[in-house]
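This report refers to the structure that appears directly beneath it.
Only this structure's heavy atoms are used, side chains among them; waters, hydrogens and symmetry mates stay out. What you see is a predicted model, and the numbers here were worked out from it, not measured in a lab. In what follows, chains are A, B, ... by sequence order, proteins preceding strands, each numbered from 1.
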Amino acid sequence: MEDGIVVVHQDPLVRLPAFHPEGMNPFFLECLFDGDYERLHVAFGASRADHEVARVVDLAGHINDFERLSLLVERDAGDGQGEFLTLQMRPLTFLSFAPTLHVGAFGVPPEPLSRGHGLILSLTKPHQYSNREFRGIRWRLSFFVMTLGPLREKGLPPRPVFVLSVGIQFVVQGVLEMAEEKGKITPQSEDFPQWYQDVVREGDLAEVAKVVKGCMVIKPHGYAIWEKIQADLDRRFKKTGHKNAYFPLLIPKSFITKEAEHVEGFAPELAVVTHAGGKQLPEGEEYVIRPTSETIIGHFFSKWIESYRDLPLLINQWANVMRWELHTRMFLRTTEFLWQEGHTAHATHEEALEEVIRMLNVYGDFAEQMMAMPVIRGLKSESEKFAGAVSTYCIEAMMRDGKALQAGTSHDLGQNFGKAFDVKFQNEEKKVDYVWQTSWGVSTRLVGALVMTHSDDTGLILPPRLAPVQAVVVPIYRKSKERAEVVEAASKLRDDLAAAGVAVELDDREGKRPGEKFYEWERKGVPIRIELGPRDIASGEAMTRLRVAEGKEKMKLETLARDLPGVLESFQGFLLERAKKFREDNTVSVDTWDDFRGVFADGQSKFVWAHWDGTTQTEAAIKEETKATVRCLPIEGQGVDAGPGACIRTGQPSRGRVLFAKSY
RNA sequence: CGGGGCGUAGCGCAGCCUGGUAGCGCGCUUGGUUCGGGACCAAGAAGUCGGAGGUUCAAAUCCUCUCGCCCCGACCA
């Protein structure tokens, strides 16, 4: 492998040295990127000295859409054989990447690859980094034989062909350093997922736990947001008659298997406790860490409920749950997360359905009123519904990249869990029946939704109603004599604001300059900053700046405490309106399959109202081709024109438009 | 299962090829000058170089084994 590692120049030049794959003659290939990838010179031959230069490929014009770019390169061999090189280009995914270089021999029996044979090359451009500075970057290129074997037909000549897959690994050094630069937030437009990570980090919301796979540490500032979410939701739950309770973290494994769909849905992501007290638990007595609590709550409901007089039973639990996820992202999908799960039991299906819709609306109202996040309320398709539910309702919000985030769910469980856990009651007609259950929940994912709904390239933006710090006072002074005076006035202002009900913080830390404090609080999403210096005190005013404002605004010190709550409220309203407008601007109704695909091309997403024939197969086909899924079937008043139409994909009849988008 | 990369100070990394005093940036501590949009100067603290074994007068560096993390691939180009 020693020969496979080459350090290349900045021009950037890539050289593939000779290699000796099994059963092949020594073979040499050289690629030379010209300037900023505008030209690619390809040469190959049996030895380095012997190589012939193939035609120069002009990449200009294709450089920005490298995805599946195919180039046919005819070789100037002069022997009339028509050998060629095909270059397939795809964008890179991340820092360390290993694009595959496929070298296939065409039109020849699987004999030693040498001059005169065509090649398929699959190279990858460092797309993600093209917008960043490449200064100081060192490229290291190594390659290795990965597979060697017959290639299946797939549009290739019916003659014997074989493929040699060679992986290339570039190691790009010096880029990560830039990304981790202090206070650095990658622009949304450049790399949205990276932007999200940066905002969460710089906003001091959370960090990846690292020592525990897939988990995160929610830091004080992030947890404070969750506490505000909890406090308000809890009030709403109480108001609708629910009571809090707490059920065990561990659930007997046997419980999970009682509801057929439920076990199928959750089995892959369960964490199982097999040992306890220094001993292995007997077979069949293992526990799972709850992924959700329908089963254990069903068990207890069956003990608590005897007659219709015990109904409805309205319970909520604040808890942590664990789902073993392969790919995790802070707040959006982590192995362990915090949530609330409501569980209710009712005498009739109608009553249960009312509950399902009631709680869906509680979530919807909360999202819009508190989070300033507009949502669409709807019904999940069969493939997206909760494992074990009859139907699942949801609220879907649009993130700033046009993708949809499921922000809350409310399930009609029918009698599925009632039957599985024998939750029976005697009704008013003295007949025994199974209860009708519901469950509904929202999680710390809401914090991620908050980030992706409002924040910008400067960092976090928090709606005042959920901001742990709504206003920050930054004192400005020169000499230590000024400091005493200014801090005193600032303290008084802080006290006045606190008395007016504003969550205010006075940042009188020494050793940090005002500018640095400004940036820090902006990254943390504080809605308004108040600057107080000697000049302001003299004039009886303070400089204020809203988190999204262009400039600063003077406000009278006298009336600041009185006026600020109003300012914050209007900022709350502004954020909601802005989010609504963003969603409107990125929502379309589409009637043709070509238009539909166009919306989701190039990794883009919007909200799309389109007709769908209602079948799981069509849904799967659409997802396969566009990555977009049915987010929900809108409930009354949530969709666009409600009339029937023809499925966008199959032309089959559709009862009404449903919401499509790519999703988290 | 196959292949690759990486483990050196809290964080990000250099040093390894060619063995010889443990380095850099950020952060942190102290002092001073600063302070209306990311300050500067000076001094300082901080590392069993992932682990074990070997070669050597001498190992972060060479060899063998091992642990951990990340990425890619298994015929889709």
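Stem analysis of RNA chain B (at least three stacked-register Watson-Crick or G-U pairs, each with both distances under 3.5 Å) gives B:1-7 with B:67-73, B:10-13 with B:23-26, B:28-33 with B:39-44, B:50-54 with B:62-66.
Atom-to-atom, CD1 of A/Ile476 to P of B/rG38 comes out at 12 Å; the value is rounded to the nearest Å. As rounded to whole Å, 15 Å separates atom C1' of B/rC11 from atom CG of A/Asp204. Here the P atom of nucleotide B/rG27 and the CD atom of A/Glu202 are 13 Å apart, to the nearest Å. With rounding to whole Å, A/Arg509 atom CZ is found 19 Å from B/rC35 atom P. Taking atom CD of residue A/Glu522 and atom C1' of nucleotide B/rG38, one finds them 11 Å apart after rounding to whole Å. Rounded to whole Å, atom C1' of B/rC70 lies 13 Å from atom CD of A/Gln197. Rounded to whole angstrom, the span from the CZ atom of A/Arg483 across to the P atom of B/rU33 amounts to 15 Å. Whole-Å rounding puts the A/Ile530 CD1 to B/rG36 C1' distance at 15 Å.
Salt-bridge formation is detected for the pair A/Asp456/A/Arg547: a Lys NZ or Arg NE/NH1/NH2 atom is positioned less than 4.0 Å from an Asp or Glu carboxylate oxygen. Remark: A/Glu522 engages A/Arg545 in a salt bridge, criterion side-chain N to carboxylate O under 4.0 Å. Ion pairing between A/Glu520 and A/Lys512 fails under the 4.0 Å rule for side-chain N and carboxylate O. For A/Asp495 and A/Lys492, the salt-bridge test fails: no basic side-chain N is under 4.0 Å from an acidic carboxylate O.
Look at the C1' atom in both B/rA46 and B/rC11: the space between them is 13 Å, to the nearest Å. Separating the C1' atom of B/rG53 from that of B/rG15 is a span of 24 Å, rounded to the nearest Å. B/rU8 and B/rA14 have their P atoms separated by 10 Å, with the value rounded to a whole Å. Across B/rG50 and B/rC6, the matching C1' atoms stand 11 Å from one another, rounded to whole Å. Nucleotides B/rG47 and B/rG10 place their P atoms 8 Å apart, quoted to the nearest Å. Atom C1' of B/rC35 sits at a distance of 30 Å from the matching atom of B/rC24, rounded to the whole Å. Only the C1' atoms considered, B/rA59 is 15 Å distant from B/rU64, to the nearest whole Å. Of the C1' atoms belonging to B/rC49 and B/rG44, the separation is 23 Å, rounded to the nearest Å.
For the segment residues 531-548 of chain A, the set of residues with a heavy atom within less than 4.0 Å of an atom of RNA chain B comprises A/Glu531, A/Gly533, A/Pro534, A/Arg535, A/Asp536, A/Met543, A/Arg545, in numerical order.
A/Phe571 is not listed as a side-chain neighbour of A/Ile528, based on a closest heavy-atom distance of 4.5 Å or more. Using a 4.5 Å heavy-atom cutoff, the side chains of A/Val200 and A/Val447 are not in contact. Counting heavy atoms from C-beta on, the side chains of A/Leu450 and A/Phe331 never come closer than 4.5 Å.
Between A/Phe660 and A/Phe600, the ring center distance fails the sub-6.0 Å criterion. The aromatic ring centroids of A/Phe192 and A/Tyr196 lie 6.0 Å or more from each other.
Annotation: A/Arg509, atom CZ; neighbour count of heavy atoms from other residues, nucleotides and ligands within 6.0 Å is above 12.
Residues A/Ser383 and A/Thr616 come closest through the heavy atom pair CB-CG2, 4.3 Å.
Counting any heavy atom pair closer than 4.0 Å across all strands shown, A/Lys552 reaches a base atom. The residue A/Glu482 sits apart from the nucleic acid: no heavy atom pair falls under 4.0 Å.
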Listed pairs, N/O of protein and of nucleotides 39-46 of chain B, under 3.5 Å:
| residue | atom | partner | partner atom | Å |
| --- | --- | --- | --- | --- |
| B/rA39 | OP2 | A/Arg513 | NH1 | 3.1 |
| B/rA39 | O4' | A/Arg513 | NH1 | 3.4 |

>> Is there a side-chain contact (heavy atoms from CB on, under 4.5 Å) between A/Glu269 and A/Met322? Walk through the geometry before answering.
In response: CA-CA 8 Å; A/Glu269 44 191 54; A/Met322 182 165 273; over 6 Å; no
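The ring of A/Phe518 does not lie on top of the base of B/rG37; it is either too far (5.5 Å or more) or too tilted (30° or more).
Donor-acceptor pairing under 3.5 Å is recorded for the side chains of A/Asp401 and A/Tyr664.
When each of B/rG38, B/rG36, B/rG37 is scored by its nearest atom to the side-chain atoms of A/Pro514, the top-ranked nucleotide is B/rG36.
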